[in-house]
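Below is one structure, written out as structure tokens; comments come after it.
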Number of protein chains: 2
Amino acid sequence: MGYRILETDDIPAYLRERGHWDEAADPQVREVSDGNMNRVFLASNADGTRSLALKQALPWVRVAGPSWPMNPDRADAEARAYEQVARVAPDKIPAVHGYDPENYALVMEDMSDLEVLRTLLNEGASYGPHTSARTGEFVAQFSFATSDFGMASADRKALIAASVSPELCKITEDVVLSEPYIEHEHNHWHEGLDDLARQFRADTGLRTEVADLRHTFMTSAQALLHGDLHTGSIMVGEREGGPVVRVFDPEFSFVGPIGYDLGLYWANALVSEERARALGTLSDHPDQLRLSWQAFETEFRRLWPTRVDTFFDDAYLDRFLRRVWTDSVGYAGTEIIRRIIGFAHLTDLTTLADPVPASRRALLLGRELVVRREELTSPQAVRDVVTSLG
Amino acid sequence: MGYRILETDDIPAYLRERGHWDEAADPQVREVSDGNMNRVFLASNADGTRSLALKQALPWVRVAGPSWPMNPDRADAEARAYEQVARVAPDKIPAVHGYDPENYALVMEDMSDLEVLRTLLNEGASYGPHTSARTGEFVAQFSFATSDFGMASADRKALIAASVSPELCKITEDVVLSEPYIEHEHNHWHEGLDDLARQFRADTGLRTEVADLRHTFMTSAQALLHGDLHTGSIMVGEREGGPVVRVFDPEFSFVGPIGYDLGLYWANALVSEERARALGTLSDHPDQLRLSWQAFETEFRRLWPTRVDTFFDDAYLDRFLRRVWTDSVGYAGTEIIRRIIGFAHLTDLTTLADPVPASRRALLLGRELVVRREELTSPQAVRDVVTSLG
């Protein structure tokens with residue numbers, strides 16, 4: 001791993017070397033790393049008229065240190081995903097100024113004027129009319145462009161070969177789609193959820209459904225995905241008076257089932273709703289699954305006439321979208337469950353004074369979404385499950 | 001493509017160079033190429049006690065010549081498939097003595113003492129009790145070993161990346177799973193089938209089902225497949241008083257849906273049955289789909305307790321096998337249809353004095369298998385369709 005791990009003091013010279021900084025004075029640099037995995041630096045000039053972000057993957061998990069090695073080629077996956085999205089939805093990701101594969105470093109737009117969606121929601125904000133719609137469109141544009149509908153067969157097979165990401169897929173396969181349903185040292189949960197955690201692990205019917213979703217995750221090569229599309233991977237705000245929505249951090253990107261990206265977003269929206277309900281701040285949370293699905297479906301159908309392979313007919317599109325829907329509902333369920341009785345929990349719930357009631361509702365909802373995904377055929381059917389939780 | 005295209009006279013020196021021939025006298029060599037794609041040579045010593053086969057991929061389709069270029073790396077796919085099968089079912093493929101990737105040449109067991117299954121069937125032979133059982137086992141052993149059940153997740157993803165085969169997959173996607181259902185210059189058919197060819201191309205319901213099977217072919221990465229498992233890719237015979245079944249020619253090998261291999265074999269068995277019915281030589285043909293499925297299922301279930309990933313439970317196995325069955329029925333239907341109104345036809349039918357009655361029955365059967373694959377849930381249900389053809 002003979003690459004150069006950049007420290008704050010190295011950034012000005014590095015940016016000059018790579019041709020990203022040609023102002024007279026060196027930029028001021030501060031480290032703003034906050035995800036689990038990587039380092040992020042912001043570099044700006046003195047008067048604040050020019051700034052850049054630099055993200056570098058370390059050969060280990062940042063928050064754990066060298067004792068938890070992690071292949072830095074996740075940065076390649078991230079750069080590849082941004083490159084594909086930039087072709088079709090440049091307005092929905094940060095502008096990428098350059099990728100340095102030797103040092104696993106991305107130089108990008110500084111988005112520090114925007115806010116992380118989860119942070120805003122946790123502070124009591126509503127989604128507003130744009131966030132879920134743009135997110136649904138993002139999934140449609142990215143997945144259509146990298147599916148057999150948007151890309152010639154040979155190009156797509158090359159993309160599949162290039163995008164194989166064994167290490168990060170294994171994390172999802174284990175942490176999301178297996179461990180929460182078995183005894184595993186990674187798992188932890190609030191003691192008020194003991195009974196549900198035990199029930200879920202004893203529920204053989206639930207486990208078979210998760211096994212099914214897991215195998216689909218492992219074998220269904222529908223499109224290049226973001227792979228980790230939660231509300232912490234979305235920034236929102238305003239620029240020049242208009243709304244801005246930016247999806248970032250696609251380092252878990254791989255070729256998989258389209259429903260995985262939608263499902264992750266829905267899980268986060270449904271959990272944010274339980275937080276708001278617990279706090280009495282419920283606003284537009286219940287609309288977000290519908291809004292994102294409608295935007296996804298509308299955009300996918302809008303793109304359909306541009307498909308490169310017209311053997312796929314309109315009746316097949318209908319069938320395909322129904323399956324994406326069903327997968328999405330199922331993955332939403334698995335994502336909710338793993339965030340409460342698995343390894344990595346959500347601040348939406350953990351920062352509640354008493355996380356138990358909201359967590360119980362979410363867990364029960366998650367199970368229904370997994371087990372009944374075939375019969376829940378519309379956003380309204382999902383709403384009915386939420387309502388039935390009492 | 002600066003490699004060395006071997007002629008008959010080059011073979012002795014080549015075999016010595018590569019360490020395959022250390023006898024005092026050079027072997028006698030004859031070319032026995034007979035598939036569409038490659039050259040095959042047999043080399044043997046004077047007293048017939050030692051012999052080898054050498055197969056080389058050309059940078060074009062052999063029967064067409066340099067005007068139809070074809071990437072010779074299909075030989076890599078073939079060698080990779082043999083390598084994987086050799087781990088788990090060495091008795092069901094020719095012994096491979098060596099692969100020379102620079103010259104796309106495989107040195108293998110001489111199987112000229114065996115006969116091609118299709119040739120035997122066309123001459124009126126029955127299958128006997130072993131052929132379909134061993135073929136079903138072959139699919140089970142090969143696919144289990146290269147699925148997420150038989151291989152650790154990271155190894156399997158490396159196999160997927162290595163096994164991407166855009167050029168040959170594209171041939172299947174087009175010639176098998178699209179062209180027969182549209183107007184295309186490749187297509188031809190007996191004039192006595194005009195009405196059915198027209199009907200099939202106007203049948204939008206049929207086309208949607210084929211689109212579905214086609215997309216599954218393009219996106220379902222379940223296991224490494226043979227990819228072209230017809231009765232011309234199987235040799236049978238006896239050695240030392242026992243039956244021998246050898247599957248060969250896996251150059252279309254790729255990671256795809258397991259049902260594709262089974263479906264191809266079933267299509268060929270069902271067409272051989274129609275030939276035999278037309279000639280009044282029907283014997284054990286109607287048993288072959290059942291025998292191969294039972295052998296596949298029995299072997300897959302026998303291997304199941306050895307799976308590397310025990311999160312997949314027994315109930316998931318049942319569900320998975322049902323889906324493999326359904327896919328297989330559908331692909332059997334597409335393979336029958338494309339062999340009668342598509343590009344490449346089968347001698348089983350073309351050598352009949354009047355191919356029309358058997359071809360009509362087969363076409364109607366093929367359509368039922370595609371369209372009704374979800375409701376045909378057992379070998380008996382398929383038999384009932386055959387019987388209903390009248």
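All heavy atoms count here, side chains included; hydrogens, waters and symmetry mates do not. Numbers restart at 1 for each chain; the letters A, B, ... are given by sequence-line order, proteins then strands.
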inquiry  = To the closest 0.5 Å, what do you measure between CG (A:L262) and NE2 (A:H226)?
reply    = 12.5 Å
Of the listed residues ([options]), which shares the most heavy-atom pairs with chain A below a 4.5 Å separation?
| options | result |
| --- | --- |
| B:E209, B:M218, B:E167, B:H215 | B:H215 |
| B:C169, B:S153, B:S178, B:P257 | B:S178 |
| B:T208, B:D155, B:I160, B:L177 | B:T208 |

Using heavy-atom distances under 4.5 Å, tell me whether [X] contacts chain A through its side chain, its backbone, both, or neither.
| X | result |
| --- | --- |
| B:T204 | backbone |
| B:F320 | side chain |
| B:R319 | side chain |

task = Would you mind telling me which of A:A315, A:A221, A:P166 has the largest number of heavy-atom pairs within less than 4.5 Å of chain B?
result = A:A221
query = Relative to chain B, which of A:R156, A:Q222, A:E173 shows the most heavy atom pairs under 4.5 Å?
reply = A:E173
request  = Sort A:V210 into side chain, backbone, both or neither according to what part of it lies under 4.5 angstrom from a heavy atom of chain B.
outcome  = both
request  = Give, as side chain, backbone, both or neither, the part of A:D314 having an atom under 4.5 angstrom from any heavy atom of chain B.
outcome  = neither
message = Students often mix this up, so state it plainly: with edges at 30° and 60°, are the rings of A:W304 and A:F144 parallel, tilted or perpendicular?
response = perpendicular
task = Answer yes or no: are there more than 12 heavy-atom neighbours, outside B:E102 itself, under 6.0 Å from its atom CD?
result = no
query = Cation-pi between A:R74 and A:F252: NZ/CZ under 6.0 Å from ring centre and within 45° of the ring axis?
reply = no
key: Side chains of A:Y331 and A:D261, donor plus acceptor under 3.5 Å   = no
ask   = So, for B:F254 and B:F217, is the gap between ring centers shorter than 6.0 Å?
value = yes
task = Taking the side chain as every heavy atom from C-beta outward, state whether A:Y260 and A:S220 have any pair of such atoms under 4.5 Å apart.
result = no
